[in-house]
Amino acid sequence: MENSTLAIVVPCFNEEAVLPQTNERLASLLNAMINDRQVGEGSYILYVDDGSRDNTWSLIERCGGSHVRGLKLAGNVGHQNALMAGLETARLDADVTVSIDADLQDDINAIPEMIRKFDAGCDIVYGVRRSRQADSFFKRTTAQAFYRFMTNMGAKSVYNHADFRLMSRRAVDALCQYDERNLYLRGLVPLLGYQTDTVYYDRSERQSGKSKYTFGKMLSLAVDGVTSFSVKPLRLIFYLGAVFLLISLAILVYVIVALCKGNGVPGWASLMLSIWFVGGCMLMCLSVLAAYVGRIYTEGKHRPRYHIEKYLK
Ligand code: UDP
Ligand code: MG
C-alpha cells in the first residue's frame with residue numbers, strides 16, 4: 001500500500017517568538033516519520049499565517065523546504081477560520097491532516113500514534129489532554145467550567161480536547177460541507193459521525209511568546225460554541241419569565257392581604273428595587289436573544305470566511 005500523504009496544519013498569529021523552534025521540532029518529526037515509511041514522501045507542514053503583524057510570514061518563507069508550505073491569509077480571521085483555511089487547502093492533495101497550535105503546547109509525539117490509529121481505520125483521532133497542570137489556574141478553571149457548561153447546554157464536545165486532531169480526507173471533505181460562519185470546530189467534528197479514537201498526552205507550557213487567546217477571544221469562542229450548537233439559552237428565558245411571574249403573584253397576594261388588614265403597603269424602596277431588578281433581567285434576556293439574532297445576521301450574509309493572499313509550496 002502507498003503511504004498516505006500527511007499535512008500538519010499549523011495556524012499562526014504573531015508567532016515569531018516560537019516559530020523557529022516549532023518548525024525545527026515538527027520538521028524533524030516529519031522527517032523521521034517519512035524515513036520510517038509511516039507517511040509518504042509528499043507529506044508536509046502547512047503554516048497558515050492568520051494576518052500576523054510581526055515577522056511570522058517572513059519566518060515561514062525562510063522555513064521553506066520540500067516539506068514546508070505556507071498559506072498567507074489576507075487578514076486576521078481568527079484561529080478557527082485560519083484552521084479551516086488550512087484544512088480546505090490541505091485536502092486538495094493530502095490523504096490525512098493533523099491540526100496543531102503553533103506554540104507546541106500539544107505533544108507532537110502523539111502524532112505518530114494518531115497516524116497508527118488512522119492506518120487502523122479511524123477517520124478522526126482526538127488529541128486529549130491527560131492533565132492541565134501546565135495551564136494557569138485561571139485558564140484551567142475557565143476552560144473546565146466552559147466544557148461543563150457546554151455539556152449542560154446539550155452541545156456535544158470531547159472533554160479536554162481542543163484543536164489537536166487528526167482527520168482523514170473524507171472527514172475534512174465532510175467538514176467543508178458545513179457552511180457556517182460562526183465556526184466552532186470542536187463541536188462540529190463530533191457531528192461528522194465517522195469512526196473516532198482518542199490519543200492522550202500531557203499538555204506542556206507555551207514554548208515562547210504570549211497566548212493569542214485574550215479573554216475577549218475566549219469569551220467569544222464560548223458564545224459561538226453555545227449559540228451554534230444549542231437553543232437551550234432561549235428556553236431558559238422562558239423559565240426565568242415563569243419564575244418572575246410567580247414572584248409577582250406572591251407579591252400580589254401579599255399586597256391584597258396587607259390591604260385587607262387595613263395596613264398600607266410600604267412603597268418606594270421595594271418599587272425601585274423591583275423595577276431595576278426586572279429591568280436588568282429583561283435586558284439580559286434580550287442580550288441572549290440578540291446573540292442569536294446577530295448570528296442569523298452574519299450567517300445570512302454568507303460572506304467568505306477568509307481570503308488567501310499567497311500560497312507558498
Ligand atoms: N491563532 C490564530 N489566530 C488568532 C489567534 C490565535 O491563528 O486570531 C493561533 C495561534 O497562533 C496558535 C493557536 O491559534 O497557533 C492557539 O492560540 P494560543 O496558543 O495563543 O491559545 P491558547 O493555547 O492560549 O488557548
Ligand atoms: Mg496555546
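Heavy atoms only: backbone and side chains are in, while hydrogens, waters and symmetry mates are out. Order of appearance sets the numbers: ligands from 1, and atoms from 1 within every ligand. Remember, predicted model here, so these are calculated numbers, not experimental data.
- No part of Q80 comes within 4.0 Å of ligand 1, judged by heavy-atom distances.
- Y147 has its side chain within reach of R186: a pair of non-hydrogen atoms, C-beta onward, lies under 4.5 Å apart.
- Stacking of R165 on the aromatic ring of Y126 is not recorded, the 6.0 Å distance cut-off and the 45° axial limit not both being met.
- Residue contacts with ligand 1, taken as heavy atom pairs separated by less than 4.0 Å, involve D101 via backbone and side-chain atoms alike.
- Remark: minimum distance from atom 24 (O) of ligand 1 to any protein heavy atom is reached at S211 OG, 2.5 Å.
- Contact check for I308 versus Y306: side-chain heavy atoms found under the 4.5 Å cut-off.
- Residue contacts to the Mg ion (ligand 2): Q105 brings an N, O or S atom closer than 2.8 Å.
- Protein heavy atom at the shortest distance from atom 19 (O) of ligand 1 is D103 OD2, 2.5 Å.
- Within ligand 1, the atoms closer than 4.0 Å to a non-hydrogen atom of N76 are 3 (N), 4 (C), 8 (O), numbered from 1 in the order shown.
- What sits closest to atom 17 (O) of ligand 1 on the protein, heavy atoms only, is Y213 CD1, 3.6 Å.
- At a heavy-atom cutoff of 4.0 Å, ligand 1 is contacted by no atom of L83, backbone or side chain.
- The protein heavy atom nearest to atom 3 (N) of ligand 1 is D50 OD2, 2.6 Å.
- Looking only at protein heavy atoms, the nearest one to atom 10 (C) of ligand 1 is E15 OE2, 3.2 Å.
- Under 4.0 Å from ligand 1, the heavy atoms of C12 that appear belong solely to its backbone.
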Evaluate the side chain to side chain contact (heavy atoms under 4.5 Å, CB included) criterion for residues H67 and I45: first the C-alpha distance (whole Å), next the side-chain angles of each, then the deciding distance (0.1 Å), finally the verdict. CA-CA 6 Å; H67 297 301; I45 307 167; 5.7 Å; no
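- Counting heavy atoms from C-beta on, the side chains of Q38 and P112 come closer than 4.5 Å.
- The minimum distance between the Mg ion (ligand 2) and any N, O or S atom of D103 involves atom OD2.
- With a 4.5 Å cut-off on side-chain heavy atoms, Y184 and L188 do not count as touching.
- Annotation for K261: atom NZ does not count as buried by contact number, only 12 or fewer foreign heavy atoms lying within 6.0 Å.
- Polar contact with ligand 1: present for R203 (N/O pair, distance under 3.5 Å).
- Neither the backbone nor the side chain of M218 has a heavy atom within less than 4.0 Å of ligand 1.
- Looking from atom 23 (O) of ligand 1 to the surrounding protein, the closest heavy atom is Q105 OE1, 2.8 Å.
- In this structure, F138 and F215 have tilted ring planes: the angle between them lies in the 30° to 60° band.
- When hydrogens are left out, the protein atom nearest atom 20 (O) of ligand 1 is K212 N, 2.4 Å; that is the closest non-hydrogen contact.
- A 4.5 Å side-chain heavy-atom check between F149 and V226 finds at least one atom pair inside the cut-off.
- In the vicinity of G78, heavy-atom distances shorter than 4.0 Å reach the ligand 1 atoms 3 (N), 8 (O).
- Close approach of ligand 1 to K217 (heavy-atom distance below 4.0 Å) involves ligand atoms 4 (C), 5 (C), 8 (O).
- S43 contributes no side-chain N or O that, together with a main-chain N or O of T5, makes up a donor-acceptor pair within less than 3.5 Å.
- Y254 OH: 12 or fewer foreign heavy atoms inside a 6.0 Å radius.
- At a heavy-atom distance under 4.0 Å, atoms from both the backbone and the side chain of H79 approach ligand 1.
- Side-chain contact between L192 and L175 is present, with at least one heavy-atom pair separated by less than 4.5 Å.
- Among protein heavy atoms, the minimum distance from atom 25 (O) of ligand 1 is reached at K139 NZ, 2.8 Å.
- Of the polar atoms of F13, at least one N or O is found under 3.5 Å from an N or O of ligand 1, judged by distance alone.
- Counting only heavy atoms from C-beta outward, the side chains of D49 and L71 never approach each other to under 4.5 Å.
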